[in-house]
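Below is one structure, written out as structure tokens; the observations come after it.
Just so you know, these numbers use all the heavy atoms, side chains as well, and skip hydrogens, waters and symmetry mates. A, B, ... follow the sequence lines: proteins, then strands. Residue 1 opens every chain.
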Amino acid sequence: MLDRTLLRRDPEAVRRSLHRRGQDEAAVERLVELDRVAREAQTRSDALKAEKNVLSGSIAKAANKKAAAAELRPKLASLDEQIAAVDAEGAAANAEIDERIQQLPNLLADSVPDGTDESANVTVRTWGSPPAFPFEPKPHWELGEALGVLDFERARKLAGSRFAVLTGDGARLSRALIAFFLDRAHRAGYREVVPPFIVNRETMWSTGQLTKFSDDMFHLSDWDFFLVPTAEVPLTALHRDEILDGAMLPIQYTAYTPCFRKEAGAAGKDTRGLIRQHQFEKVEMVWLSPPEYSFEALERLTRDAERLLEELELPFRTISLCGGDTGFNAAMTYDLEVWLPSQGLYREISSCSNCTDFQARRANIRFRREPKAKPEFVHTLNGSGLAVGRTLVAVMENYQQADGTIRVPDALVPYLGGQTVIGR
RNA sequence: GGAGAGAUGGCCGAGCGGCUGAAGGCAACGGUUUGCUAAACCGUCCUACGGGGUCAACUCGUAGCGAGGGUUCGAAUCCCUCUCUCUCCGCCA
């Protein structure tokens, strides 16, 4: 959520950001006007209430309170009427402001590339190069079904489409990745967390997932709870409504969780297999940072994610998302895209964002620099480190061998008890 | 799921319907005293929003005692609803 006073002080900055995101700027003008109306109403209301308080006070001091009250009753009744009318005016304006301001996305960082769609994204780094296969590389679902480690048929029976069952070495490889990711995060200074996988509405709202336009989350029908769409939600909201000691910052958290998303929309051929699922698993990394450090933190967070791919020796590139492609909460985002031989393209495997104070304002996460200092909002950052299913896909496809078996990346061998090949 | 107790400022804890932003204590901060520490004494010490302002260290106003309603000229104090926390019993991993 944007700062209301920002709209008053610098509406032009908000307009510019919306424009760069390719969104309608008209909302800004309306908000500025509503803000003016609301403030004017408050000023009048406060003055009327002050007048009423003075009269009430005079009754308290009167010798004969009953008589004093009777005498002032008409005057007070008239004030009550006026107050009610002015307050209604102010409340209406405030309600509309709340409604509208919640729908404005975060202010883009200056360094975000211009552009309205993904074609304008900028590649900032490329690591490794796509492997040359002396045979036609197979897609992961073919490899997985042949090896008996991926089972989409039975997943359909158990749950439906867009679910998968991992068995045998598929399940073990998945678990190895999770352990590998968490170990590396631990080394990089992240504190490991096992959060609830189901959260309440306030939590979901506080991290900006619940807006008018998003209904990608699974909502329990009999309770007002949501299945987490990403560990970003519980990790970021962990310190909701708290004032942290500035000396504790930055705070780094990591968690492994399942993630649940409706992923409404057409099932295309590029979403075949494990790429796009209603349930997937992810290790997430979250930072709570002092404002002045958050963009440096974004670089570190992104590097932490990149190193995982480097250790796994999976070719990838890092791209800086342009304004039109940057998410609602983010001021700036780097996506990591891993090479998928079967599709012959780079595919998103991690997304690292600096949400600045946008989530912190909603979630009311603040800190004090000094014991007596005024509380300030922290900056929140989140990034995948990494998406487990997609990493599994990348490993299977990049490490496949002519006979359909899969070599285990060196970094994962210890996590598979020394096993170096996934075969039949 | 059943029964009971409670919710006041950073913490503890008072509070008769009117001068209570809220006694008192602790903690914290500034100062005096002190060889150092401790103690003692004095002072400061909530937040949000709005108005005025040399926009900052100022000032005025409004609101806030779990949340939301109601009664009243006036509510922390009376009434209603809700939420949450704690304890005991049951059930379970």
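The CG atom of A:Asn364 sits 11 Å away from the C1' atom of B:rA48 (whole-angstrom rounding). The interatomic distance linking A:Asp87 (CG) with B:rC49 (C1') rounds to 13 Å, in whole Å. Distance, A:Asp245 CG to B:rA27 P: 20 Å, rounded to whole Å. Atom pair A:Asp98:CG and B:rC49:C1' shows a separation of 13 Å (rounding to whole Å applied). Remark: P of B:rG50 and CZ of A:Arg36 are 15 Å apart, rounded to the nearest angstrom. In this structure, CG of A:Asp241 is placed 14 Å from C1' of B:rA48, rounded to the nearest angstrom. A straight line from CD1 of A:Ile243 to C1' of B:rG9 spans 13 Å, rounded to a whole angstrom.
Side chain of A:Asn106 to backbone of A:Cys355: a donor-acceptor contact under 3.5 angstrom is found.
Using a cut-off of 4.0 Å between Lys/Arg side-chain N and Asp/Glu carboxylate O, A:Glu306 and A:Arg303 are scored as salt-bridged. Remark: A:Glu40 engages A:Arg44 in a salt bridge, criterion side-chain N to carboxylate O under 4.0 Å. A salt bridge links A:Lys49 with A:Asp87: the distance from a Lys NZ or Arg NE/NH1/NH2 to an Asp or Glu carboxylate oxygen falls below 4.0 Å. By the 4.0 Å N-to-carboxylate-O rule, A:Glu33 lies too far from A:Arg30 to be salt-bridged with it. A:Lys52 has a carboxylate O that lies under 4.0 Å from a charged side-chain N of A:Asp80, or vice versa, which qualifies the two as a salt bridge.
The gap from the P atom of B:rA27 to that of B:rG15 amounts to 24 Å, rounded to the nearest Å. For the P atom pair drawn from B:rC86 and B:rU77, the interatomic distance equals 25 Å after rounding to whole Å. With P as the reference atom, B:rA57 and B:rA48 are 13 Å apart, rounded to whole Å. One P atom belongs to B:rC11, the other to B:rU47, and the distance between them is 14 Å to the nearest Å. B:rC19 and B:rA76 have their P atoms separated by 10 Å, with the value rounded to a whole Å. Using C1' as the reference atom, B:rC29 and B:rU81 are 43 Å apart when rounded to the nearest Å. A distance of about 16 Å separates the P atoms of B:rU8 and B:rC78, rounded to the whole Å. Using C1' as the reference atom, B:rC65 and B:rA3 are 29 Å apart when rounded to the nearest Å.
Applying the side chain to side chain contact (heavy atoms under 4.5 Å, CB included) test between A:Phe180 and each of A:Thr391, A:Leu412, A:Leu386, A:Val283 identifies A:Leu412 as the sole match.
Contact between the side-chain N/O atoms of A:Arg8 and the OP1/OP2 oxygens of B:rG50 is found at a separation under 4.0 Å. Contact annotation: A:Arg39 does not reach the phosphate of B:rC49 (side-chain N/O to OP1 or OP2, under 4.0 Å).
In this structure, A:Arg44 reaches neither bases nor backbone, as no heavy-atom distance under 4.0 Å exists between it and the strands shown.
The base-pairing partner of B:rA28, taking Watson-Crick or G-U wobble contacts with both distances under 3.5 Å, is B:rU44. Partner assigned to B:rU54 is none, using Watson-Crick or G-U wobble distances below 3.5 angstrom. With both pairing distances under 3.5 Å, B:rG61 is matched to B:rC49 as a Watson-Crick or G-U wobble pair. Across all strands shown, B:rU85 forms a Watson-Crick or G-U wobble pair with B:rA5, both key distances being under 3.5 Å. Across all strands shown, B:rA38 remains unpaired; no Watson-Crick or G-U wobble contact has both distances below 3.5 Å. Pair check for B:rG18 finds B:rC73; Watson-Crick or G-U wobble, both atom distances under 3.5 Å.
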**Request:** Going 5' to 3' through nucleotides 57-74 of chain B, assign each nucleotide B (protein heavy atom under 4.0 Å from a base atom), S (under 4.0 Å only from sugar-phosphate atoms) or - (no protein heavy atom that close).
**Result:** ----BSS---------BS

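The heavy-atom pair separating A:Phe152 from A:Leu274 by the smallest distance is CZ-N, 3.9 Å.
A:His219 is linked by a side-chain contact (heavy atoms from CB on, under 4.5 Å) to A:Arg201, A:Asp224, A:Phe226, counting only residues two or more places apart in sequence or in another chain.
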